[in-house]
Amino acid sequence: MPNLRLLTWNINSVRLRLPLLAEVVRELAPDVVCLQETKCPDEFFPHEAIAALGFPYRTARGMKGYNGTAILSKLPFAERAADPNWCERGDCRHVGVDLDVPGGLELHDFYVPAGGDIPDRDLNPKFAHKLDFLAEVTAWTAARGPAKRAVLVGDLNIAPLEDDVWSHRQLLKIVSHTPVEVAALNAWAAAGEWHDAIRHFVPPPEKLYTWWSYRAKDWLAADRGRRLDHIWCSQDLAGKLARHHIHKAARGWTQASDHVPVLLELAL
DNA sequence: ATGGTTGCTCCGCAA
């Protein structure tokens, strides 16, 4: 089969940014799109409009106002309905599918809790939730053993490497780049023997970002980004990584998301 | 050191 083009994007409202999703599809021609922060209850998910973009297979797990994940596909898949309800919250932070490609492919789309502003689990319940969520997914991953024929994508809300942030030193106490979060993310990846498919193409010390704050006067000039969005693959796919693309231009679009699409092409 | 913007929803909260 031709290469599989997988895209992940924190769209920050699927309804508001439907025209931008169409533009992403037009420019990057993904076969599978994993969205986060759809902010859309399932009964309002824009299925018809997305079907018209060329995605006959779709699954959405959304809720009112916050969170929400969705997978849109040109290829058939079976939804993984039995995956856990993280932290018993039902807060729509994960959806997984088994893609119908030769040899099969398990695909997981995650939206890890952002964690609030104070990096202390005793002072900040949102930070405690982030760490608890990471501990839970790590235990689940460890129990399942090394990932095989699998890809994990999403807004993991952690920039693990020094070169995943504009200033390692200045962000050490900023939620998303604290040592405790980085250790938790690394433990999760280690538990499944996941391979960082994007850093495979762009090793440190090259800077790499997927998110730029809305609060900057000039996001491009300041370039104070962070790499919060990730694509991991199982070791058996590491030799099949064909190319990647971080669609930085999308950050400059009118009414942009603060995250940009990240694409991985796999030679299955 | 601080404040800055956005989206959803209900006028604050999460990011």
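These numbers come from a predicted model, not from an experiment. Residue numbering restarts at 1 for every chain, and letters A, B, ... go by the order of the sequence lines. These numbers come from the heavy atoms of this one structure, side chains and all, not from hydrogens, waters or symmetry mates.
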B:dT2 versus B:dT6 - spacing of their P atoms, nearest Å = 23 Å
ask   = How long is the gap from CZ on A:R17 to CD on A:E23, to the nearest 0.5 Å?
value = 14.5 Å
request  = Using a heavy-atom cut-off of under 4.0 Å over every strand shown, decide if A:R93 touches base, sugar-phosphate, or nothing.
outcome  = sugar-phosphate
A:E79: partners by side chain to side chain contact (heavy atoms under 4.5 Å, CB included), with sequence neighbours left out = A:T59, A:R61, A:V95
request  = Can you label the angle between the A:H94 ring and the A:W86 ring as parallel, tilted or perpendicular, going by 30° and 60°?
outcome  = tilted
key: Interatomic distance at P, B:dT9 relative to B:dA14, whole Å   = 14 Å
query = Touch check for A:K126, heavy atoms < 4.0 angstrom, all strands: base, sugar-phosphate only, or nothing?
reply = sugar-phosphate
message = Please check: side-chain N/O of A:Y214 versus main-chain N/O of A:A256, any donor-acceptor pairing under 3.5 Å?
response = yes
request  = Give me the first and last nucleotide of DNA chain B, going 5' to 3', that has any atom under 4.0 Å from a heavy atom of chain A.
outcome  = B:dG4 to B:dA15
request  = Using the closest heavy atom to pick a nucleotide of DNA chain B for each, name whichever of A:N157 or A:Q255 lands nearer the 5' end.
outcome  = A:Q255
message = Using a 3.5 Å distance criterion without hydrogens, assess whether the side chain of A:Y111 forms a donor-acceptor pair with backbone atoms of A:T69.
response = no
inquiry  = Taking the nucleotide of DNA chain B with the nearest heavy atom to each, does A:D117 or A:T38 sit closer to the 5' end?
reply    = A:T38
inquiry  = Distance check, P atoms only: B:dG4 and B:dC8, in whole angstrom units.
reply    = 22 Å
message = Need one value for A:R224: base, sugar-phosphate or nothing, where a base atom within 4.0 Å counts as base even if backbone is also close, heavy atoms only.
response = nothing
For A:R58, salt bridge (Lys or Arg N to Asp or Glu O under 4.0 Å) partners two or more places apart = none
request  = Could you give the distance separating B:dA15 and B:dG3 at their C1' atoms, to the nearest angstrom?
outcome  = 15 Å
